[in-house]
There are 2 protein chains.
Amino acid sequence: MAETLTTTALTLKDIAREAGVSLATVDRVMHNRPGVRPDTVRRVREAIERHSFQPHVAAAELARGRARRFAFVMPSGPNPFMQQIEAYLGEMAGWLAARRLGVEMVATDVFDPSVLAASLEALSGDYDGVAVVALDHPSVRAAINDLVDAGTKVVTLVSDVPSSRRHHYVGIDNIAAGRTAGALVGRLVGQSSGKVAIVAGSQGLRDHAERIFGFNQVMASEFPGLSVLPVLEGRDQDDRSEQVLARLLGEHADIVGLYNVGAGTQGVAKALSDAGRDEVVFVGHDVTVLTRRLLLQGVMDAAISQNPGHEARAAVRVLLALARGEPILREQEKIRIDIVMRDNLP
Amino acid sequence: MAETLTTTALTLKDIAREAGVSLATVDRVMHNRPGVRPDTVRRVREAIERHSFQPHVAAAELARGRARRFAFVMPSGPNPFMQQIEAYLGEMAGWLAARRLGVEMVATDVFDPSVLAASLEALSGDYDGVAVVALDHPSVRAAINDLVDAGTKVVTLVSDVPSSRRHHYVGIDNIAAGRTAGALVGRLVGQSSGKVAIVAGSQGLRDHAERIFGFNQVMASEFPGLSVLPVLEGRDQDDRSEQVLARLLGEHADIVGLYNVGAGTQGVAKALSDAGRDEVVFVGHDVTVLTRRLLLQGVMDAAISQNPGHEARAAVRVLLALARGEPILREQEKIRIDIVMRDNLP
DNA sequence: GGTGTTTTGAGGTACGCAACTCATTTTGAG
DNA sequence: CTCAAAATGAGTTGCGTACCTCAAAACACC
């Protein structure tokens, strides 16, 4: 009836006795320190295995004394999504303090590879872990690898650098996000013909490119009657997004769907309403004060969201687990693609 | 440029010096032990506030010695959702062991108030925390309150008992879930007239009743052209759900939408396909092996999901935070209503 | 057998806090 | 002013690990 999921209550001392060695030797084995004969190592390892011994995380943490420092390298300038991440880190202040974790924000121009790389290099040695919103570029990749080689734990946040040796990526699968957007636009349009517009920040950004790729995939295979117009680039700015979209709306009277890949949402919404085209199915990204209002007003039909709070917390937890040498709860740290409509606004 | 979010590195000793008292007195204040003058209490509290001092969680955990025990009271019998929760707890085994947390599963008949109440009473005194999938019934409420009075931390899981004094509810807002289902059915149907069917387990179950309420709310206000048929009760069983739905489909040729509130999904799907009505928009709950397949096949159009892994982990984290007297990260522990379609299947 | 090197044992300290005891000081009532 | 009660100080122990030193033992090599 009552089934226990955990067992351990042993200490290092028990392992030492079990393996017939002293505490010091067990300690050497546990931390891969030299000076233990291979045969002895094996005996100790076996004793650990046999009881599936786990060091008491509280004791380990206390014993090491030294506090840990993490750095979050984020875009400078006003970006609502990043501000939310920062805000959530602020909310964790108590949690962090109780664990003697120091988290520092480092603002930099993440869109300039050399500047970003320099910022990363500057962190070397001072931090136990670094979370970075990274551009995928050779010099950035090299900077990340240098950090890793120096023993710093590195996670990429929101935007990945898969070719680097970063330990983990905390963010969504952007191709799947684009596919989801495509499925939503297609389904919500609910008719078999018409045109669909895409507004992106830049096709040079990895995440935007991936989203567009996924979007087109679904449109082509599942909604062949809908024709996708060439991608507009709004540089994630409101005014520019508004201009390019307004022109497009003027040229095509039969636009029935719109996918806004990045930011600049305010401008997109304005172009739509100024043109009197509120009936166009409008799917965008992220739940912010603005998109929340647009959803409630019915201007936006759905938002694809990656929970910034979850990303912030996941990044911290992953860095901490990496630093402690603990396994990562992959399922927990996976960032899900949320579909947010008016009625499930968080 | 680099902005620090945390400060603390103080110890109890520093607070004692700061307040001009001894360690013993600080300890008395921290743990609300008697024998300290109100004025002294104030001085110590102020010193703690001033530096926003937080006890080192690792040191505190280590010092208390005793391991913590939590019990999960779950429905007996095969229930995929509950099995998933149990599985996720299993995945946390290492995490739990490293923190010397014992988690035990207690299977019981949660649908029988007296049996459930008795199971809860039996736990009294043995556990630091209890998570329970609870029926909302006076005797269950009383049992929960008794546990709380005995100092045990109690969280309700999946299904709440709001009238009890449980410390926390880990689960979704079921009215909002129903509203979300309504919005999806309405939008995906994409036409202004037709009938919509509802299959529920029982209208006596709190969560089902709430979902139906939310669903009807949205249908009435936003999709007046769609008429909702009387609720079918399938007792969460496949065969019964299939029978009642098959009969209804025979009676109404103009059913365009279907909301399956609880389990019995297999039967619902079978009734639909046997009747050759695959075009009906079908929205249900939870991502299981079955619903995943149905979504991929296009039989189901969307699933409203509450992440069971998140619920399991949140319950453990909340119980631990409660037991330690730590604040709860509400944003983190809030269970979101996920909309899952084919392209964002987790 | 002697020498030098590697491996191991033994032991200690520190980490920050909880929980406790016991002695001492302060306070307030009579 | 006295005495008991209340308040406070001082100190101890233990939690399980990390990290360090020093000495002893085992070993390899000539």
Side-chain angles (χ1 to χ4, degrees), chain A residues 6 8-45 47-48 51-68 96-101 128 323-326, chain B residues 8-45 47-48 51-68 96-101 128 151 323-326:
Chain A
T6 54
T8 316
L10 301 178
T11 72
L12 268 189
K13 219 180 305 182
D14 300 307
I15 300 300
R17 184 161 11 89
E18 172 90 15
V21 299
S22 73
L23 263 174
T25 301
V26 177
D27 185 65
R28 290 184 186 105
V29 173
M30 293 279 300
H31 298 87
N32 301 312
R33 271 189 269 274
V36 184
R37 224 173 317 164
D39 185 58
T40 312
V41 172
R42 202 175 40 69
R43 261 169 44 230
V44 174
R45 287 250 162 79
I48 291 174
H51 300 299
S52 56
F53 168 79
Q54 292 234 356
H56 190 321
V57 65
E61 204 59 22
L62 184 58
R64 73 187 300 280
R66 217 153 46 75
R68 300 183 198 275
L96 294 168
R99 287 158 184 76
R100 299 300 185 266
L101 296 177
D128 300 282
R324 286 179 174 167
E326 285 185 317
Chain B
T8 317
L10 302 178
T11 71
L12 271 188
K13 220 180 305 181
D14 300 307
I15 299 299
R17 184 160 13 87
E18 172 89 15
V21 298
S22 71
L23 265 174
T25 300
V26 177
D27 185 66
R28 291 186 184 104
V29 173
M30 293 279 301
H31 300 87
N32 300 311
R33 276 189 263 276
V36 185
R37 220 174 319 164
D39 185 60
T40 310
V41 171
R42 201 174 41 69
R43 259 169 47 228
V44 173
R45 288 250 161 80
I48 292 174
H51 301 301
S52 56
F53 168 79
Q54 293 238 356
H56 191 320
V57 65
E61 202 60 20
L62 188 55
R64 70 188 301 281
R66 209 161 52 77
R68 299 183 197 276
L96 294 168
R99 285 158 186 75
R100 301 298 186 266
L101 296 177
D128 300 282
R324 286 177 174 170
E326 284 186 317

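The figures here come from the full heavy-atom set of this structure, side chains too, leaving out hydrogens, waters and symmetry mates.
OP1 or OP2 of D:dA28 has not a single side-chain nitrogen or oxygen of A:R37 nearer than 4.0 Å. When the side-chain nitrogen and oxygen atoms of B:H31 are compared with OP1 and OP2 of C:dA18, one or more of them lie within a distance under 4.0 Å. Residue B:T40 places at least one side-chain N or O under 4.0 Å from the OP1 or OP2 atom of D:dT8. In terms of phosphate contacts, B:T25 brings a side-chain nitrogen or oxygen within less than 4.0 Å of OP1 or OP2 of D:dG9.
At whole-Å resolution of the value, CZ in B:R324 and P in C:dC17 are 14 Å apart. Rounded to whole angstrom, the span from the CG atom of B:L23 across to the P atom of C:dC20 amounts to 16 Å. Between A:K13 atom NZ and C:dG11 atom C1' there is a gap of 13 Å when expressed in whole angstrom units. A:D39 places its CG atom 14 Å from the C1' atom of D:dC27, with the value rounded to the nearest Å. When rounded to the nearest whole Å, the span between NE2 of B:H51 and C1' of C:dG16 equals 17 Å. One interatomic measurement links the two molecules: CD of B:Q54 to P of C:dC17, which rounds to 11 Å at whole-angstrom precision. Atoms NE2 (A:H56) and C1' (C:dC15) sit 14 Å apart, rounded to a whole Å. Between B:E61 atom CD and D:dC15 atom P there is a gap of 15 Å when expressed in whole angstrom units.
The partner of C:dG30, taking Watson-Crick or G-U wobble pairs whose two distances both stay under 3.5 Å, is D:dC1.
Taking 3.5 Å as the limit, the base of D:dG9 and the side chain of B:R28 contain a donor-acceptor pair of atoms between them.
Toward the 5′ end of DNA chain C lies the nearest nucleotide of B:A58, the other residue of the pair B:D27 and B:A58 mapping further downstream. Of the two residues near DNA chain D, B:R64 and B:R43, the one whose nearest nucleotide lies more 5' is B:R43.
Comparing atom distances between the B:A59 side chain and each of C:dG16, D:dG16, C:dA19 picks out C:dG16 as nearest. The A:F53 side chain lies nearest to D:dT17 when the options are C:dC17, D:dT8, D:dT17. Considering only side-chain atoms of A:A63, the nucleotide from D:dG14, C:dG9, D:dA18 that sits closest is D:dA18.
Note that the CZ atom of B:R33 and the CG atom of B:D27 stand 4.5 Å from one another [nearest 0.5 Å].
Remark: the backbone N or O of B:A19 is paired with a side-chain donor or acceptor of B:R43 at under 3.5 angstrom.
Contacts of A:R33 with the nucleic acid, taken as non-hydrogen atoms under 4.0 Å apart, involve only primed sugar atoms and P, OP1 or OP2. Residue-level contact check: A:L12 touches the backbone only, with heavy atoms under 4.0 Å from sugar-phosphate atoms and none from bases. Using a 4.0 Å heavy-atom cutoff across all strands shown, A:A24 reaches at least one base atom of the nucleic acid.
In this structure the side chain of B:R99 never reaches within 4.5 angstrom of the side chain of B:R68, judged on heavy atoms. Inter-residue side-chain proximity for B:H51 and B:D14 is flagged as unmet; no heavy-atom pair is nearer than 4.5 Å.
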Quiz item: Do A:E18 and A:F53 pass the side chain to side chain contact (heavy atoms under 4.5 Å, CB included) test, and can you show the C-alpha distance, the side-chain angles, and the key distance before you say yes or no?
Solution: CA-CA 12 Å; A:E18 172 90 15; A:F53 168 79; over 6 Å; no

Quiz prompt | Stepwise salt bridge (Lys or Arg N to Asp or Glu O under 4.0 Å) test for B:R100 and B:E61 | solution = CA-CA 10 Å; B:R100 301 298 186 266; B:E61 202 60 20; over 6 Å; no

